[in-house]
Amino acid sequence: MADAAEIQGPSASPARRRLRRAGALLAGAPLLAGLLQLTAAEPAQAAPADSVSVALDSLTPSAPTEDDTLTVSGSVINNGRQSVTGAHVGLRVGPLLNTRSAIDGIAQHPDDLRGGAGDELSGKYTQKFGKLIPGVAEHFSISVPVDELDLGKDGVYSFGVSVSGKTSARPWDQMLGIERTFLPWQSSEADTKSRTTFMWPLISSVHMTARTGAGERQTPVFQDDELAREIAPGGRLAQMTDLGRDLDVTWVIDPDLLAAVDAMANGYRVQQPDGTSKAGSRENQDIAKQWLAGLQKAVADKEVVALPFADPDLASLAHTGTSVTGSLSHLKDATDVAALTVKTVLHVTPTTDFAWPVDGAVDPSIIKVATSAGADRVIARSDSLRESAGLPYTPSAARPIGGGTTAVVADARMSTAFEGDLTKADTSTLAVQQFLAQSLEANVQKDEQRSFVVAPQRTPTASQAQAMATAVKALQDGNWSQPETLTGAANAKPDPDATTRIPSTSAYPSSLRKQELPRSAFEQIADTQDKLDNFQVILTDQSRVVTPFGRAIDRGMSTSWRGQAAKADGFRTDVLSYLDNLGGQVKLIDKSETKLSGRSATIPVTVQNNLVQPVGHLYLRLSSTQPTRLKIAGKAYDEQPVEVSGGHSQSVKFTTSANANGRATVLAQLYTEDGQEYGDPVSFDVKVTEVTPTVMLVIGGGVLLLVLAGFRMYTQRKRAAARQAEEEGPDGAEADSADESGNPDDAGDRLPEESGSPAGAAGPDQPGDPAPDTAPESADPSGTGERVDR
């Protein structure tokens, strides 16, 4: 334009021409800036990301082949303030995605309008809406033959469902919203199929307590009835069982779940807030039986991997538990009982070679702990055991990491595809398509066959389980993968270029470390075990206590406690408290002060057993704290074996001997056969009131002197009476009387009132003789059968 103007007008000077050009630039600058701003702002204004949302509720088949018809359904909703006119929903096939990272990018922002959405299919495969009213959802369903999609070579394509229309502010056709996902395309059987192992976890939280009923059946007590809801029809575990029955998966089971359901099926009780318990419903017992029967059928002819009992937290054991003596022994016990539990309940022999740290996160200490109980295969995850060699493909799962241990590395992308809220059909569909896309993309990376493992979250929700089942079914029906057991994946030939380097302890995710059990938890478990060891030795039927408490200790280390620190601590505290309560049922009865009134006597001490079973292997020791005053069986202490029937008491008698008067403190204490103190001691005083032999000799001498003095007085009086009779003989009355009797010596035997003698002058057999206040005491020792006052 400037050149034309210059030709038509007269020639201007160079200075003027420069001035005109500068003015033109200055005048046009605002217009150019406005145009640039309009151009840049128009996409955001014409089709803001939240103007119309698209929900893709179903896409079937998930992995179509040439002769299929693809059906897409869902809904759109106008989130703006203006109605949308001339709206229609269309399908868009985007470009072929060549990397797994490209899939990640779309999955992170499925509704981004600026992404490569691809061209919309012809109007024949659209659904039109006259008007989209704000806030009102409109449903759509579009079917299109796969050959109309014009797909090229095999691989993963970006696939979108978009909505377009006009608004009063922008009266031209524009894209207002989109939902992007993936279309896995393997038109025929792949030349090389990958082997895929899908772990199907049957794991729950802790439900059983250590408490059991007192009867022979030992009815178990549950914390709540939550497990019944999980296994009831429609419940999470019920759906896991029903869905897994028709899938080629490896069942990964926590034996504690089986033990709990089996216990419920045979009758159980539920703990109440006030500390009591009530009987579980008959309906729930029937539900438990039905679930077990269904599970037995589902796992028949399938690989079953048994985790250690109660799924102990391996990372917590490695990072904090090993500093507490005896913690690792619990992992060994939990592993030993796992196979027996599964075989007893499900009638299948499980594999116990695998250890599964939470989220597959590993470090050297976790590997060491995981293999300490006999497992030689550790299930890790690729976001922990990361590839460092820059491989352009995903290697096989098996990695030899030394010491005869194999790390089975699950694929992180496929394993985490089903996390999050999948209760909506839209999010569930996207999860399924993302999983299939990652699986196919991994397969086409290399022509050599490889083995992949999928280790999903431990406790999927019902909606997550449904999405998982849909994905596994589509994978099994697809043309690029074939199922494989977990053992098969572990035994597969490892890739020599894959990393085998275990990350350092410092690389362990801090988010996971924050959820670990603290050291105090393992100290509490150790205290419980010590008390259990001390308690069980006195029992005649140890299994009644060892089994429920041993399994409760395992549950105290469960991975399911992550994120529930307070609840976990409450569980362990309750186990320890209940054990203390049971142990306290065998005890010594308190005694008050005892009086010892003889030089020797027996002291009874009573042992009470309020348990339902007999106890033995106990010794009762009675010790004198002052053996110079009071001895037990002639020494400082004595002990006797104790056996007490259930619900009874037994008195144990000890022979004592006193050496001096006064109080002596006696201590009674129960001991186990190995010399460990059992229960609390009982202390009481013994008051010795016995006199010593020296004092007895003095008293005896005094009594003898009194007897001799009395005898002397008696003889003197008798002689005096005889002399008096002789002196009165010539007198008439007395003489006549003597003559009449014919025996003058009889006069001295008369009673005092007859003889006229003063009172007290009679012989030793007369009432007037003096008598002792008490009977003389014997100096001989008291008999051993004498009882003492209590």
Side-chain angles (χ1 to χ4, degrees), residues 210-216 218 326 329 526-550 552-553 575-594 601-627 630-657 664-686 784-785 787-788 790:
R211 302 173 185 271
T212 59
E216 287 296 325
Q218 285 188 272
S329 64
D527 187 21
T528 303
Q529 184 64 58
D530 288 343
K531 292 185 176 182
L532 178 60
D533 292 341
N534 198 31
F535 181 41
Q536 66 176 329
V537 298
I538 74 170
L539 304 175
T540 55
D541 184 3
Q542 296 182 354
S543 63
R544 288 182 62 90
V545 171
V546 173
T547 299
F549 277 99
I553 288 175
V575 172
L576 183 57
S577 175
Y578 183 53
L579 180 59
D580 285 338
N581 178 268
L582 283 182
Q585 299 303 307
V586 180
K587 61 183 179 180
L588 297 173
I589 300 298
D590 290 336
K591 288 178 67 66
S592 58
E593 183 183 82
T594 299
T602 57
I603 295 180
V605 178
T606 303
V607 182
Q608 187 178 59
N609 175 20
N610 289 326
L611 298 175
V612 297
Q613 65 169 298
V615 296
H617 310 290
L618 277 171
Y619 285 88
L620 175 58
R621 179 181 297 179
L622 191 66
S623 306
S624 174
T625 60
Q626 298 167 291
L630 181 69
K631 291 185 177 181
I632 313 297
K635 49 190 176 181
Y637 71 88
D638 187 28
E639 59 184 21
Q640 298 186 38
V642 175
E643 292 185 1
V644 188
S645 300
H648 289 76
S649 298
Q650 178 70 45
S651 290
V652 182
K653 298 180 180 180
F654 292 87
T655 302
T656 62
S657 58
T665 301
V666 175
L667 188 68
Q669 174 68 62
L670 287 171
Y671 286 87
T672 59
E673 284 183 334
D674 56 359
Q676 298 293 319
E677 292 184 354
Y678 185 89
D680 296 328
V682 167
S683 176
F684 58 96
D685 290 338
V686 175
T784 58
R787 298 184 65 85
V788 297
R790 298 178 58 195

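Between Ser645 and Asn609 the shortest side-chain heavy-atom distance does not fall below 4.5 Å. Residues Val615 and Val607 have side chains not in contact (no heavy-atom distance under 4.5 Å, counting atoms from C-beta outward). A heavy-atom distance below 4.5 Å is not found between the side chains of Leu588 and Asp680. Counting only heavy atoms from C-beta outward, the side chains of Thr594 and Phe684 approach each other to under 4.5 Å. No side-chain heavy atom of Thr672 sits under 4.5 Å from any side-chain heavy atom of His617. Side-chain contact check for Leu622 versus Val666: some heavy-atom pair is nearer than 4.5 Å. Proximity of Arg544 to Val612: side-chain heavy atoms (C-beta onward) are separated by under 4.5 Å at one or more points. The shortest side-chain heavy-atom distance between Glu677 and Tyr671 falls under the 4.5 Å cut-off.
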What donor-acceptor contacts under 3.5 angstrom involve side-chain atoms of residues 630-640, with partners at least two apart or in another chain?
unit_1 : atom_1 : unit_2 : atom_2 : d
Glu639 : OE1    : Arg621 : NE     : 3.1
Glu639 : OE1    : Arg621 : NH2    : 3.2
Gln640 : NE2    : Lys653 : O      : 2.6

Using distance only, find each side-chain donor-acceptor pair of residues 579-586 under 3.5 Å and give its atom names and separation, not counting sequence neighbours.
unit_1 : atom_1 : unit_2 : atom_2 : d
Asp580 : OD1    : Lys531 : NZ     : 3.0
Asp580 : OD2    : Lys531 : NZ     : 3.3
Gln585 : NE2    : Asn581 : O      : 3.1

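Judged as a side chain to side chain contact (heavy atoms under 4.5 Å, CB included), and not counting sequence neighbours, the contacts of Thr212 are Gln218, Pro548.
Side-chain N or O atoms of Gln669 include one that pairs as donor or acceptor with a backbone N or O of Tyr678 at under 3.5 Å. The closest donor-acceptor contact from the side chain of Gln676 to the backbone of Asn534 lies at 3.5 Å or more, if one exists at all.
Tested against Ser543 for a side-chain contact (heavy atoms from CB on, under 4.5 Å), the candidates Val545, Asp541, Val546 yield a single pass: Asp541.
Contact detail for Pro614 and Thr540: the closest heavy-atom pair is O-OG1, 3.1 Å. Between Gly550 and Leu532 the shortest heavy-atom distance is N-CD2, 4.3 Å. When every heavy atom of Thr665 is checked against every heavy atom of Thr625, the shortest pair comes out as O-OG1, 2.7 Å.
More than 12 non-hydrogen atoms from other residues, nucleotides or ligands lie less than 6.0 angstrom from CD of Gln542.
In this structure, CG in Leu618 is found 5.0 Å from CD1 in Ile538, a value given to the nearest 0.5 Å. With rounding to the nearest 0.5 Å, the separation of OG in Ser624 from CZ in Phe654 is 12.5 Å. With rounding to the nearest 0.5 Å, the separation of CG in Asp685 from NZ in Lys591 is 12.0 Å. Remark: Thr528 OG1 to Leu576 CG distance equals 4.0 Å, nearest 0.5 Å.
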(request) Give the C-alpha distance, both sets of side-chain angles, the deciding distance and a yes or no for side-chain contact (heavy atoms from CB on, under 4.5 Å) between Leu611 and Leu539. (result) CA-CA 10 Å; Leu611 298 175; Leu539 304 175; 3.8 Å; yes
Working for ring pair (Phe, Tyr, Trp, His ring centres under 6.0 Å), residues Phe549 and Tyr578:
CA-CA 10 Å; Phe549 277 99; Tyr578 183 53; 5.7 Å; yes
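If you check the side chains of Thr606 and Ser651, you find a donor sitting under 3.5 Å from an acceptor.
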